[in-house]
2 protein chains.
Amino acid sequence: MKIMPSNPADLSAQIAQSIRDAILAGRLLVGERLPSESELAEQFSVSRPTVREALKRLAAQNLIRTQRGATGGAFVNHLSYEEAHNQQITTSTLLLSMNAISFDVACEARYALERACAPLSAQRRTDAHLKSLRAEIGTQSEPDLPDEAFCASDVAFHRALVDAAGNPVLSYQLAGAVEAMQPLMNMITFTARSRVRIIGLHSQIADALERSDAAATDASLLRLESYTRDLGRDVLAARAKG
Amino acid sequence: MKIMPSNPADLSAQIAQSIRDAILAGRLLVGERLPSESELAEQFSVSRPTVREALKRLAAQNLIRTQRGATGGAFVNHLSYEEAHNQQITTSTLLLSMNAISFDVACEARYALERACAPLSAQRRTDAHLKSLRAEIGTQSEPDLPDEAFCASDVAFHRALVDAAGNPVLSYQLAGAVEAMQPLMNMITFTARSRVRIIGLHSQIADALERSDAAATDASLLRLESYTRDLGRDVLAARAKG
DNA sequence: GATTTTCATATGTCTTACAATTAGGATTTG
DNA sequence: CAAATCCTAATTGTAAGACATATGAAAATC
(Lines give C-alpha, C1' and ligand atoms only; values in the text may rest on other atoms or scores of the structure.)
Protein backbone atom coordinates (compact mmCIF):
# COMPACT_ATOMS: atom_id res chain seq x y z
CA MET A 1 0.00 0.00 0.00
CA LYS A 2 2.43 2.66 -1.08
CA ILE A 3 0.55 4.84 -3.46
CA MET A 4 1.87 8.34 -3.01
CA PRO A 5 1.54 10.17 -6.33
CA SER A 6 5.09 11.33 -5.86
CA ASN A 7 7.31 10.17 -3.07
CA PRO A 8 7.46 12.71 -0.33
CA ALA A 9 11.16 11.98 -0.30
CA ASP A 10 13.72 13.57 -2.54
CA LEU A 11 14.39 16.83 -0.85
CA SER A 12 16.00 18.28 -3.94
CA ALA A 13 12.82 17.66 -5.91
CA GLN A 14 10.74 19.31 -3.23
CA ILE A 15 12.97 22.34 -3.13
CA ALA A 16 12.99 22.59 -6.90
CA GLN A 17 9.21 22.45 -6.94
CA SER A 18 9.03 25.07 -4.25
CA ILE A 19 11.18 27.48 -6.22
CA ARG A 20 9.39 26.61 -9.43
CA ASP A 21 6.09 27.49 -7.81
CA ALA A 22 7.50 30.78 -6.63
CA ILE A 23 8.48 31.63 -10.18
CA LEU A 24 5.16 30.53 -11.64
CA ALA A 25 3.27 32.51 -9.02
CA GLY A 26 5.31 35.60 -9.70
CA ARG A 27 6.95 35.74 -6.30
CA LEU A 28 10.23 35.56 -8.15
CA LEU A 29 10.41 37.85 -11.16
CA VAL A 30 12.42 37.44 -14.30
CA GLY A 31 15.98 38.58 -13.83
CA GLU A 32 15.73 38.46 -10.07
CA ARG A 33 18.54 36.84 -8.15
CA LEU A 34 17.83 33.91 -5.90
CA PRO A 35 19.47 33.74 -2.49
CA SER A 36 22.91 32.19 -2.56
CA GLU A 37 23.20 28.43 -2.28
CA SER A 38 24.31 28.72 1.32
CA GLU A 39 21.36 30.90 2.21
CA LEU A 40 18.94 28.58 0.47
CA ALA A 41 20.48 25.66 2.30
CA GLU A 42 19.84 27.43 5.56
CA GLN A 43 16.31 28.48 4.61
CA PHE A 44 15.30 24.96 3.64
CA SER A 45 17.39 23.38 6.39
CA VAL A 46 19.32 21.17 4.01
CA SER A 47 22.89 20.92 2.88
CA ARG A 48 24.35 22.85 0.01
CA PRO A 49 24.73 19.83 -2.31
CA THR A 50 21.01 19.20 -1.93
CA VAL A 51 20.25 22.78 -2.84
CA ARG A 52 22.56 22.48 -5.80
CA GLU A 53 20.77 19.40 -7.07
CA ALA A 54 17.53 21.34 -6.89
CA LEU A 55 19.03 24.24 -8.79
CA LYS A 56 20.38 21.92 -11.47
CA ARG A 57 16.90 20.56 -11.97
CA LEU A 58 15.62 24.07 -12.57
CA ALA A 59 18.54 24.87 -14.81
CA ALA A 60 17.73 21.81 -16.91
CA GLN A 61 14.34 23.36 -17.57
CA ASN A 62 15.87 26.71 -18.43
CA LEU A 63 14.05 28.24 -15.50
CA ILE A 64 17.19 29.67 -14.00
CA ARG A 65 20.68 30.46 -15.12
CA THR A 66 23.71 30.60 -12.86
CA GLN A 67 26.70 32.85 -12.89
CA ARG A 68 29.91 32.54 -10.97
CA GLY A 69 31.82 35.23 -9.26
CA ALA A 70 31.27 37.94 -6.72
CA THR A 71 27.96 39.21 -8.04
CA GLY A 72 27.01 35.79 -9.32
CA GLY A 73 24.26 33.52 -8.27
CA ALA A 74 21.14 31.95 -9.71
CA PHE A 75 18.87 34.23 -11.68
CA VAL A 76 15.35 33.65 -12.89
CA ASN A 77 15.73 33.15 -16.57
CA HIS A 78 13.72 34.82 -19.24
CA LEU A 79 12.39 31.88 -21.19
CA SER A 80 12.75 32.78 -24.83
CA TYR A 81 10.87 31.25 -27.70
CA GLU A 82 14.17 29.85 -28.86
CA GLU A 83 14.82 27.94 -25.65
CA ALA A 84 11.24 26.79 -25.24
CA HIS A 85 11.34 25.67 -28.81
CA ASN A 86 14.48 23.62 -28.32
CA GLN A 87 13.05 21.99 -25.24
CA GLN A 88 9.94 21.10 -27.11
CA ILE A 89 11.92 19.52 -29.92
CA THR A 90 13.91 17.42 -27.49
CA THR A 91 10.78 16.25 -25.72
CA SER A 92 8.82 15.61 -28.89
CA THR A 93 11.68 13.76 -30.51
CA LEU A 94 12.05 11.49 -27.52
CA LEU A 95 8.34 10.96 -27.33
CA LEU A 96 8.12 9.96 -30.96
CA SER A 97 11.12 7.67 -30.78
CA MET A 98 10.00 5.97 -27.59
CA ASN A 99 6.40 5.38 -28.44
CA ALA A 100 6.71 3.73 -31.81
CA ILE A 101 4.64 6.33 -33.56
CA SER A 102 3.82 5.30 -37.06
CA PHE A 103 4.93 7.50 -39.87
CA ASP A 104 1.33 7.82 -40.92
CA VAL A 105 0.03 9.10 -37.59
CA ALA A 106 2.88 11.56 -37.25
CA CYS A 107 2.33 12.74 -40.78
CA GLU A 108 -1.33 13.27 -40.22
CA ALA A 109 -0.64 15.34 -37.11
CA ARG A 110 1.99 17.38 -38.82
CA TYR A 111 -0.09 18.33 -41.79
CA ALA A 112 -3.18 18.97 -39.73
CA LEU A 113 -1.17 21.48 -37.73
CA GLU A 114 0.35 23.05 -40.77
CA ARG A 115 -2.94 23.44 -42.52
CA ALA A 116 -4.14 25.24 -39.41
CA CYS A 117 -1.92 28.18 -40.14
CA ALA A 118 -2.21 28.13 -43.90
CA PRO A 119 -5.04 30.70 -43.99
CA LEU A 120 -3.11 33.04 -41.71
CA SER A 121 0.04 32.59 -43.75
CA ALA A 122 -1.79 33.32 -46.97
CA GLN A 123 -3.10 36.49 -45.42
CA ARG A 124 0.06 37.80 -43.81
CA ARG A 125 3.02 36.42 -45.71
CA THR A 126 5.63 39.03 -46.53
CA ASP A 127 8.00 39.10 -49.45
CA ALA A 128 10.73 37.91 -47.14
CA HIS A 129 8.76 34.79 -46.35
CA LEU A 130 8.17 34.12 -50.04
CA LYS A 131 11.86 34.56 -50.68
CA SER A 132 12.71 31.99 -48.00
CA LEU A 133 10.26 29.53 -49.47
CA ARG A 134 11.63 29.97 -52.99
CA ALA A 135 15.18 29.61 -51.71
CA GLU A 136 14.38 26.28 -50.09
CA ILE A 137 12.71 25.09 -53.25
CA GLY A 138 15.93 26.01 -55.04
CA THR A 139 17.97 23.99 -52.57
CA GLN A 140 15.68 21.01 -52.97
CA SER A 141 16.10 21.16 -56.74
CA GLU A 142 19.85 20.67 -56.56
CA PRO A 143 20.88 17.37 -58.08
CA ASP A 144 23.05 15.09 -55.94
CA LEU A 145 21.53 16.58 -52.78
CA PRO A 146 21.76 13.95 -50.03
CA ASP A 147 18.50 12.71 -48.58
CA GLU A 148 19.19 14.27 -45.23
CA ALA A 149 19.86 17.67 -46.72
CA PHE A 150 16.66 17.34 -48.71
CA CYS A 151 14.75 16.59 -45.51
CA ALA A 152 16.41 19.46 -43.68
CA SER A 153 15.43 21.83 -46.45
CA ASP A 154 11.93 20.40 -46.32
CA VAL A 155 11.77 21.22 -42.62
CA ALA A 156 13.06 24.72 -43.31
CA PHE A 157 10.41 25.19 -46.00
CA HIS A 158 7.63 24.24 -43.66
CA ARG A 159 9.14 26.30 -40.89
CA ALA A 160 9.00 29.34 -43.15
CA LEU A 161 5.43 28.51 -44.05
CA VAL A 162 4.51 28.44 -40.38
CA ASP A 163 6.40 31.62 -39.58
CA ALA A 164 4.52 33.40 -42.33
CA ALA A 165 1.41 33.17 -40.18
CA GLY A 166 2.99 35.88 -38.03
CA ASN A 167 1.90 34.36 -34.76
CA PRO A 168 4.85 33.52 -32.51
CA VAL A 169 2.80 31.18 -30.34
CA LEU A 170 1.77 29.24 -33.38
CA SER A 171 5.33 29.16 -34.68
CA TYR A 172 6.61 27.84 -31.40
CA GLN A 173 4.06 25.06 -31.26
CA LEU A 174 4.26 24.00 -34.86
CA ALA A 175 7.95 24.31 -35.47
CA GLY A 176 8.50 21.92 -32.59
CA ALA A 177 6.12 19.41 -34.03
CA VAL A 178 7.55 19.65 -37.52
CA GLU A 179 11.17 19.44 -36.46
CA ALA A 180 10.55 16.55 -34.11
CA MET A 181 9.36 14.61 -37.11
CA GLN A 182 12.58 15.03 -39.02
CA PRO A 183 14.15 11.78 -37.79
CA LEU A 184 11.09 9.94 -39.04
CA MET A 185 11.25 11.73 -42.36
CA ASN A 186 14.92 10.91 -42.67
CA MET A 187 14.03 7.26 -42.70
CA ILE A 188 12.50 7.70 -46.12
CA THR A 189 14.61 7.59 -49.21
CA PHE A 190 13.44 10.17 -51.66
CA THR A 191 13.83 9.04 -55.21
CA ALA A 192 14.52 11.56 -57.95
CA ARG A 193 10.99 11.12 -59.17
CA SER A 194 9.40 11.77 -55.77
CA ARG A 195 11.56 14.81 -55.27
CA VAL A 196 10.29 16.33 -58.47
CA ARG A 197 6.75 15.77 -57.30
CA ILE A 198 7.37 17.24 -53.87
CA ILE A 199 9.14 20.25 -55.31
CA GLY A 200 6.19 20.75 -57.63
CA LEU A 201 3.82 20.75 -54.70
CA HIS A 202 6.06 23.10 -52.77
CA SER A 203 5.96 25.45 -55.73
CA GLN A 204 2.18 25.25 -55.77
CA ILE A 205 2.14 26.24 -52.13
CA ALA A 206 4.49 29.14 -52.68
CA ASP A 207 2.45 30.31 -55.66
CA ALA A 208 -0.77 30.13 -53.69
CA LEU A 209 0.78 32.11 -50.85
CA GLU A 210 2.06 34.69 -53.28
CA ARG A 211 -1.51 35.14 -54.54
CA SER A 212 -2.70 35.20 -50.91
CA ASP A 213 -5.01 32.38 -51.90
CA ALA A 214 -5.85 30.54 -48.70
CA ALA A 215 -8.01 27.88 -50.33
CA ALA A 216 -5.35 27.01 -52.88
CA THR A 217 -2.69 26.87 -50.18
CA ASP A 218 -4.77 24.46 -48.19
CA ALA A 219 -5.52 22.34 -51.23
CA SER A 220 -1.84 22.12 -52.13
CA LEU A 221 -0.94 21.18 -48.59
CA LEU A 222 -3.58 18.50 -48.65
CA ARG A 223 -2.13 17.08 -51.86
CA LEU A 224 1.34 17.17 -50.32
CA GLU A 225 0.09 15.39 -47.24
CA SER A 226 -1.60 12.73 -49.29
CA TYR A 227 1.48 12.19 -51.42
CA THR A 228 3.84 12.08 -48.45
CA ARG A 229 1.72 9.52 -46.67
CA ASP A 230 1.51 7.37 -49.79
CA LEU A 231 5.25 7.60 -50.10
CA GLY A 232 5.71 6.56 -46.49
CA ARG A 233 3.41 3.59 -46.93
CA ASP A 234 5.25 2.46 -50.04
CA VAL A 235 8.65 2.77 -48.44
CA LEU A 236 7.57 0.80 -45.40
CA ALA A 237 5.87 -1.83 -47.53
CA ALA A 238 8.98 -2.22 -49.65
CA ARG A 239 11.12 -2.48 -46.56
CA ALA A 240 8.86 -5.17 -45.12
CA LYS A 241 9.23 -7.25 -48.28
CA GLY A 242 12.87 -6.74 -49.16
CA MET B 1 35.63 38.48 -26.70
CA LYS B 2 34.02 35.63 -24.87
CA ILE B 3 31.49 34.17 -27.20
CA MET B 4 31.47 30.45 -26.60
CA PRO B 5 28.12 29.08 -27.70
CA SER B 6 27.95 27.29 -24.39
CA ASN B 7 30.62 27.49 -21.77
CA PRO B 8 32.84 24.48 -21.90
CA ALA B 9 32.68 24.52 -18.15
CA ASP B 10 30.01 22.96 -16.02
CA LEU B 11 31.05 19.36 -15.89
CA SER B 12 27.62 18.26 -14.75
CA ALA B 13 26.06 19.80 -17.85
CA GLN B 14 28.59 18.06 -20.06
CA ILE B 15 27.94 14.72 -18.45
CA ALA B 16 24.20 15.21 -18.66
CA GLN B 17 24.52 16.02 -22.34
CA SER B 18 26.71 13.00 -22.88
CA ILE B 19 24.17 10.66 -21.33
CA ARG B 20 21.33 12.43 -23.10
CA ASP B 21 23.05 11.87 -26.41
CA ALA B 22 23.51 8.22 -25.58
CA ILE B 23 19.79 7.87 -24.97
CA LEU B 24 18.84 9.80 -28.09
CA ALA B 25 21.23 7.74 -30.18
CA GLY B 26 19.83 4.53 -28.81
CA ARG B 27 23.01 3.46 -27.04
CA LEU B 28 20.92 3.39 -23.89
CA LEU B 29 17.58 1.73 -24.33
CA VAL B 30 14.38 2.36 -22.45
CA GLY B 31 14.34 0.54 -19.15
CA GLU B 32 18.06 -0.03 -19.16
CA ARG B 33 19.98 0.68 -16.00
CA LEU B 34 22.75 3.22 -16.03
CA PRO B 35 26.00 2.44 -14.21
CA SER B 36 25.90 3.35 -10.54
CA GLU B 37 26.80 6.87 -9.55
CA SER B 38 30.20 5.72 -8.33
CA GLU B 39 30.93 3.95 -11.59
CA LEU B 40 29.83 6.95 -13.60
CA ALA B 41 32.02 9.15 -11.44
CA GLU B 42 34.97 6.93 -12.26
CA GLN B 43 34.14 6.74 -15.97
CA PHE B 44 33.91 10.49 -16.32
CA SER B 45 36.73 11.12 -13.81
CA VAL B 46 34.61 13.35 -11.62
CA SER B 47 33.22 13.14 -8.13
CA ARG B 48 29.91 11.60 -7.25
CA PRO B 49 28.17 14.89 -6.41
CA THR B 50 28.97 16.11 -9.90
CA VAL B 51 27.51 12.96 -11.40
CA ARG B 52 24.47 13.39 -9.22
CA GLU B 53 23.93 16.93 -10.46
CA ALA B 54 24.03 15.60 -13.99
CA LEU B 55 21.52 12.89 -13.16
CA LYS B 56 19.20 15.41 -11.54
CA ARG B 57 19.25 17.42 -14.73
CA LEU B 58 18.14 14.37 -16.67
CA ALA B 59 15.55 13.50 -14.07
CA ALA B 60 14.11 16.99 -14.40
CA GLN B 61 13.48 16.22 -18.06
CA ASN B 62 11.92 12.88 -17.22
CA LEU B 63 14.69 11.17 -19.15
CA ILE B 64 15.62 8.93 -16.25
CA ARG B 65 14.09 7.77 -13.03
CA THR B 66 16.03 6.65 -9.99
CA GLN B 67 15.39 3.96 -7.49
CA ARG B 68 17.06 3.33 -4.19
CA GLY B 69 18.12 0.06 -2.75
CA ALA B 70 20.25 -2.91 -3.65
CA THR B 71 19.02 -3.31 -7.21
CA GLY B 72 18.36 0.39 -7.54
CA GLY B 73 19.99 2.92 -9.76
CA ALA B 74 19.09 5.23 -12.59
CA PHE B 75 16.96 3.82 -15.37
CA VAL B 76 16.20 5.22 -18.76
CA ASN B 77 12.62 6.32 -18.48
CA HIS B 78 9.89 5.57 -20.93
CA LEU B 79 8.62 9.02 -21.77
CA SER B 80 4.86 8.76 -21.75
CA TYR B 81 2.47 11.13 -23.44
CA GLU B 82 1.32 12.11 -19.99
CA GLU B 83 4.76 13.23 -18.85
CA ALA B 84 5.65 14.88 -22.12
CA HIS B 85 2.34 16.63 -21.98
CA ASN B 86 2.93 17.97 -18.48
CA GLN B 87 6.36 19.20 -19.43
CA GLN B 88 4.92 20.98 -22.40
CA ILE B 89 2.30 22.67 -20.28
CA THR B 90 4.90 23.90 -17.83
CA THR B 91 7.07 25.25 -20.61
CA SER B 92 4.22 26.81 -22.54
CA THR B 93 2.74 28.39 -19.46
CA LEU B 94 6.04 29.95 -18.54
CA LEU B 95 6.62 31.08 -22.07
CA LEU B 96 3.26 32.79 -22.25
CA SER B 97 3.60 34.44 -18.86
CA MET B 98 7.13 35.67 -19.50
CA ASN B 99 6.69 37.05 -22.96
CA ALA B 100 3.66 39.22 -22.46
CA ILE B 101 1.64 37.40 -25.06
CA SER B 102 -1.55 39.23 -25.79
CA PHE B 103 -4.76 37.42 -25.20
CA ASP B 104 -5.63 37.95 -28.83
CA VAL B 105 -2.49 36.33 -30.23
CA ALA B 106 -2.80 33.37 -27.89
CA CYS B 107 -6.44 32.98 -28.76
CA GLU B 108 -5.73 33.02 -32.45
CA ALA B 109 -3.11 30.33 -32.04
CA ARG B 110 -5.32 28.21 -29.90
CA TYR B 111 -8.27 28.21 -32.22
CA ALA B 112 -6.14 27.77 -35.30
CA LEU B 113 -4.76 24.61 -33.74
CA GLU B 114 -8.13 23.37 -32.65
CA ARG B 115 -9.69 23.91 -36.00
CA ALA B 116 -6.88 21.82 -37.41
CA CYS B 117 -8.27 18.72 -35.82
CA ALA B 118 -11.95 19.52 -36.22
CA PRO B 119 -12.30 17.57 -39.49
CA LEU B 120 -10.60 14.54 -37.97
CA SER B 121 -12.75 14.80 -34.85
CA ALA B 122 -15.91 15.02 -36.92
CA GLN B 123 -14.87 11.91 -38.76
CA ARG B 124 -13.74 9.77 -35.85
CA ARG B 125 -15.55 10.92 -32.73
CA THR B 126 -17.01 8.08 -30.69
CA ASP B 127 -20.05 8.14 -28.47
CA ALA B 128 -17.76 8.36 -25.48
CA HIS B 129 -16.28 11.58 -26.81
CA LEU B 130 -19.73 13.02 -27.39
CA LYS B 131 -20.71 12.06 -23.87
CA SER B 132 -17.68 13.90 -22.45
CA LEU B 133 -18.51 16.98 -24.44
CA ARG B 134 -22.13 16.98 -23.31
CA ALA B 135 -21.07 16.45 -19.72
CA GLU B 136 -18.83 19.50 -19.81
CA ILE B 137 -21.61 21.55 -21.33
CA GLY B 138 -23.74 20.42 -18.42
CA THR B 139 -21.11 21.54 -15.95
CA GLN B 140 -20.81 24.89 -17.64
CA SER B 141 -24.55 25.39 -17.37
CA GLU B 142 -24.54 25.16 -13.60
CA PRO B 143 -25.54 28.45 -12.01
CA ASP B 144 -23.16 29.86 -9.38
CA LEU B 145 -20.24 28.09 -11.04
CA PRO B 146 -17.08 30.07 -10.22
CA ASP B 147 -15.21 31.56 -13.13
CA GLU B 148 -12.24 29.31 -12.63
CA ALA B 149 -14.37 26.19 -12.67
CA PHE B 150 -16.04 27.45 -15.81
CA CYS B 151 -12.65 27.91 -17.44
CA ALA B 152 -11.48 24.50 -16.30
CA SER B 153 -14.53 22.91 -17.81
CA ASP B 154 -13.92 24.89 -20.96
CA VAL B 155 -10.42 23.45 -21.15
CA ALA B 156 -11.81 19.95 -20.57
CA PHE B 157 -14.34 20.49 -23.36
CA HIS B 158 -11.69 21.48 -25.83
CA ARG B 159 -9.45 18.69 -24.63
CA ALA B 160 -12.19 16.20 -25.43
CA LEU B 161 -12.68 17.81 -28.81
CA VAL B 162 -9.01 17.36 -29.56
CA ASP B 163 -8.91 13.80 -28.29
CA ALA B 164 -11.81 12.92 -30.55
CA ALA B 165 -9.43 13.30 -33.49
CA GLY B 166 -7.95 10.01 -32.39
CA ASN B 167 -4.37 11.04 -33.05
CA PRO B 168 -2.20 10.92 -29.93
CA VAL B 169 0.49 13.13 -31.42
CA LEU B 170 -2.08 15.77 -32.18
CA SER B 171 -3.58 15.44 -28.70
CA TYR B 172 -0.22 15.87 -27.09
CA GLN B 173 0.60 18.97 -29.07
CA LEU B 174 -2.76 20.64 -28.79
CA ALA B 175 -3.70 19.81 -25.27
CA GLY B 176 -0.47 21.47 -24.16
CA ALA B 177 -1.30 24.59 -26.09
CA VAL B 178 -4.86 24.76 -24.84
CA GLU B 179 -4.04 24.13 -21.21
CA ALA B 180 -1.18 26.57 -21.21
CA MET B 181 -3.69 29.23 -22.08
CA GLN B 182 -5.84 28.60 -19.06
CA PRO B 183 -4.17 31.22 -16.85
CA LEU B 184 -4.85 33.77 -19.55
CA MET B 185 -8.45 32.65 -19.84
CA ASN B 186 -8.83 32.84 -16.08
CA MET B 187 -8.14 36.55 -16.26
CA ILE B 188 -11.45 37.04 -17.98
CA THR B 189 -14.61 37.36 -15.99
CA PHE B 190 -17.41 35.54 -17.72
CA THR B 191 -20.75 37.22 -17.25
CA ALA B 192 -23.91 35.18 -17.14
CA ARG B 193 -24.80 36.46 -20.58
CA SER B 194 -21.44 35.49 -22.13
CA ARG B 195 -21.66 32.06 -20.58
CA VAL B 196 -24.98 31.44 -22.22
CA ARG B 197 -23.51 32.40 -25.56
CA ILE B 198 -20.43 30.20 -25.09
CA ILE B 199 -22.51 27.25 -23.99
CA GLY B 200 -24.67 27.73 -27.05
CA LEU B 201 -21.64 27.63 -29.29
CA HIS B 202 -20.31 24.57 -27.46
CA SER B 203 -23.64 22.89 -28.11
CA GLN B 204 -23.38 23.77 -31.78
CA ILE B 205 -19.97 22.13 -31.88
CA ALA B 206 -21.21 19.01 -30.14
CA ASP B 207 -24.19 18.82 -32.46
CA ALA B 208 -22.01 19.19 -35.53
CA LEU B 209 -19.69 16.47 -34.27
CA GLU B 210 -22.63 14.21 -33.60
CA ARG B 211 -23.68 14.65 -37.22
CA SER B 212 -20.05 14.12 -38.27
CA ASP B 213 -20.35 17.43 -40.04
CA ALA B 214 -16.84 18.76 -40.42
CA ALA B 215 -17.80 22.02 -42.08
CA ALA B 216 -20.33 22.88 -39.39
CA THR B 217 -17.83 22.01 -36.66
CA ASP B 218 -15.31 24.35 -38.19
CA ALA B 219 -17.87 27.10 -38.62
CA SER B 220 -18.97 26.82 -34.99
CA LEU B 221 -15.38 26.89 -33.81
CA LEU B 222 -14.78 29.97 -35.90
CA ARG B 223 -17.77 31.69 -34.31
CA LEU B 224 -16.53 30.70 -30.88
CA GLU B 225 -13.09 32.07 -31.66
CA SER B 226 -14.53 35.32 -32.88
CA TYR B 227 -16.72 35.69 -29.83
CA THR B 228 -13.94 34.80 -27.40
CA ARG B 229 -11.60 37.31 -28.94
CA ASP B 230 -14.25 40.02 -28.83
CA LEU B 231 -14.85 39.19 -25.21
CA GLY B 232 -11.15 39.44 -24.45
CA ARG B 233 -10.89 42.79 -26.15
CA ASP B 234 -13.87 44.14 -24.23
CA VAL B 235 -12.56 42.93 -20.89
CA LEU B 236 -9.16 44.45 -21.50
CA ALA B 237 -10.65 47.70 -22.71
CA ALA B 238 -12.87 47.91 -19.65
CA ARG B 239 -9.93 47.18 -17.42
CA ALA B 240 -7.88 49.89 -19.09
CA LYS B 241 -10.61 52.45 -18.42
CA GLY B 242 -11.88 51.57 -15.01
C1' DG C 1 43.21 59.98 -12.79
C1' DA C 2 44.15 55.58 -14.72
C1' DT C 3 45.95 51.17 -13.88
C1' DT C 4 47.02 47.38 -11.19
C1' DT C 5 46.41 44.63 -7.11
C1' DT C 6 43.91 42.71 -3.65
C1' DC C 7 39.92 40.91 -1.68
C1' DA C 8 35.33 39.34 -0.72
C1' DT C 9 31.77 36.49 -2.47
C1' DA C 10 29.69 33.21 -5.07
C1' DT C 11 29.49 29.05 -7.76
C1' DG C 12 32.02 24.64 -9.16
C1' DT C 13 34.17 20.54 -7.56
C1' DC C 14 36.16 17.02 -4.47
C1' DT C 15 36.42 14.15 -0.35
C1' DT C 16 34.56 11.66 3.20
C1' DA C 17 31.08 10.05 5.89
C1' DC C 18 26.65 8.40 7.27
C1' DA C 19 21.53 7.45 6.67
C1' DA C 20 17.84 5.10 4.29
C1' DT C 21 16.12 1.75 1.30
C1' DT C 22 15.84 -2.52 -0.94
C1' DA C 23 16.77 -7.25 -2.97
C1' DG C 24 18.53 -11.46 -2.10
C1' DG C 25 20.78 -14.73 0.49
C1' DA C 26 21.84 -16.80 5.03
C1' DT C 27 19.93 -18.20 9.18
C1' DT C 28 16.79 -19.59 12.29
C1' DT C 29 12.51 -21.62 13.52
C1' DG C 30 8.16 -24.30 13.21
C1' DC D 1 11.64 -29.50 4.76
C1' DA D 2 9.22 -25.15 4.46
C1' DA D 3 8.55 -20.70 5.99
C1' DA D 4 9.48 -16.80 8.25
C1' DT D 5 13.10 -13.88 9.87
C1' DC D 6 17.32 -11.59 9.97
C1' DC D 7 21.45 -9.99 7.91
C1' DT D 8 24.21 -8.15 4.46
C1' DA D 9 25.65 -5.84 0.48
C1' DA D 10 24.70 -2.48 -2.92
C1' DT D 11 22.90 1.84 -4.09
C1' DT D 12 20.85 6.24 -3.74
C1' DG D 13 19.97 10.28 -0.55
C1' DT D 14 21.95 13.71 2.49
C1' DA D 15 25.41 16.12 5.19
C1' DA D 16 29.66 18.78 6.27
C1' DG D 17 33.81 20.78 5.16
C1' DA D 18 37.39 22.06 2.15
C1' DC D 19 39.55 23.94 -1.85
C1' DA D 20 39.42 25.77 -6.70
C1' DT D 21 37.89 29.23 -9.70
C1' DA D 22 35.64 33.13 -11.50
C1' DT D 23 34.31 37.89 -11.07
C1' DG D 24 33.11 42.40 -9.69
C1' DA D 25 34.42 46.00 -6.67
C1' DA D 26 37.26 48.29 -3.58
C1' DA D 27 41.90 49.56 -2.41
C1' DA D 28 46.51 50.53 -3.44
C1' DT D 29 49.84 52.19 -6.61
C1' DC D 30 51.98 54.64 -10.33
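Just so it is clear, the values below take in all heavy atoms, side chains as well, and ignore hydrogens, waters and symmetry mates. Chain naming here is simple, since letters A, B, ... match the order of the sequence lines and numbering starts at 1 in each.
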Review item, nucleotides 7-9 of chain C N/O atoms under 3.5 Å of protein N/O:
from: C/dT9; atom 1: O2; to: A/A70; atom 2: N; distance (Å): 3.4

Which whole-number value in Å describes the distance from [X] [atom1] to [N] [atom2]?
X     : N      : atom1 : atom2 : result
B/F75 : C/dT22 : CZ    : P     : 13 Å
A/L40 : C/dA10 : CG    : C1'   : 12 Å
B/Q67 : C/dG24 : CD    : P     : 11 Å
B/F44 : C/dG12 : CZ    : P     : 19 Å

Results of side chain to side chain contact (heavy atoms under 4.5 Å, CB included) for [X] - residues two or more places apart only:
X      : answer
A/S18  : A/F44
A/A135 : none
B/E32  : B/L28, B/L29
A/S132 : A/A160

Practice problem: Strictly below 4.0 Å, heavy-atom distances to any atom of DNA chain D: list the hits from residues 51-66 of chain B, or just say none. | Solution: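 Nucleic-acid contacts, sorted: B/R52, B/K56, B/T66.
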
Quiz prompt | Qualifying side-chain hydrogen bond (donor to acceptor under 3.5 Å, both in side chains) pairs with a residue from residues 69-78 of chain B, counting only residues at least two apart or across chains | solution =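 Sorted result for residues 69-78 of chain B: A/N99-B/H78, B/R65-B/N77.
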
Exercise. From the options C/dT13, D/dT12, D/dA15, select the nucleotide whose nearest atom is closest to the side chain of B/L11.
Key: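 That would be C/dT13.
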
Filtered N/O pairs between nucleotides 16-20 of chain D and protein, under 3.5 Å:
from: D/dA18; atom 1: N6; to: A/R48; atom 2: NH2; distance (Å): 3.4

Quiz item: Of all residues at least two apart in sequence or in a different chain, which pass the ring pair (Phe, Tyr, Trp, His ring centres under 6.0 Å) check with A/F157?
Solution: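 Testing A/F157 for ring pair (Phe, Tyr, Trp, His ring centres under 6.0 Å), a comparison that skips the adjacent residues, returns A/H202.
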
By salt bridge (charged side-chain N to carboxylate O under 4.0 Å, His left out), which residues pair with [X], not counting sequence neighbours?
X      : answer
B/R110 : B/E114, B/D154
B/R229 : B/D104, B/E108, B/E225
B/R20  : none

Self-check item: Heavy-atom check, side chain of B/V76 versus side chain of A/M98, under 4.5 Å
Solution: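 They are in side-chain contact.
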
Quiz item: Counting just side-chain N and O atoms, does A/T50 come under 4.0 Å of either OP1 or OP2 of D/dA15?
Solution: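 Indeed, a polar side-chain atom of A/T50 lies that close.
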
Quiz item: Any donor and acceptor pair, going by atom type alone, linking the side chain of A/N167 with main-chain N or O of A/V169 inside 3.5 Å?
Solution: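 A pair under 3.5 Å: yes.
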
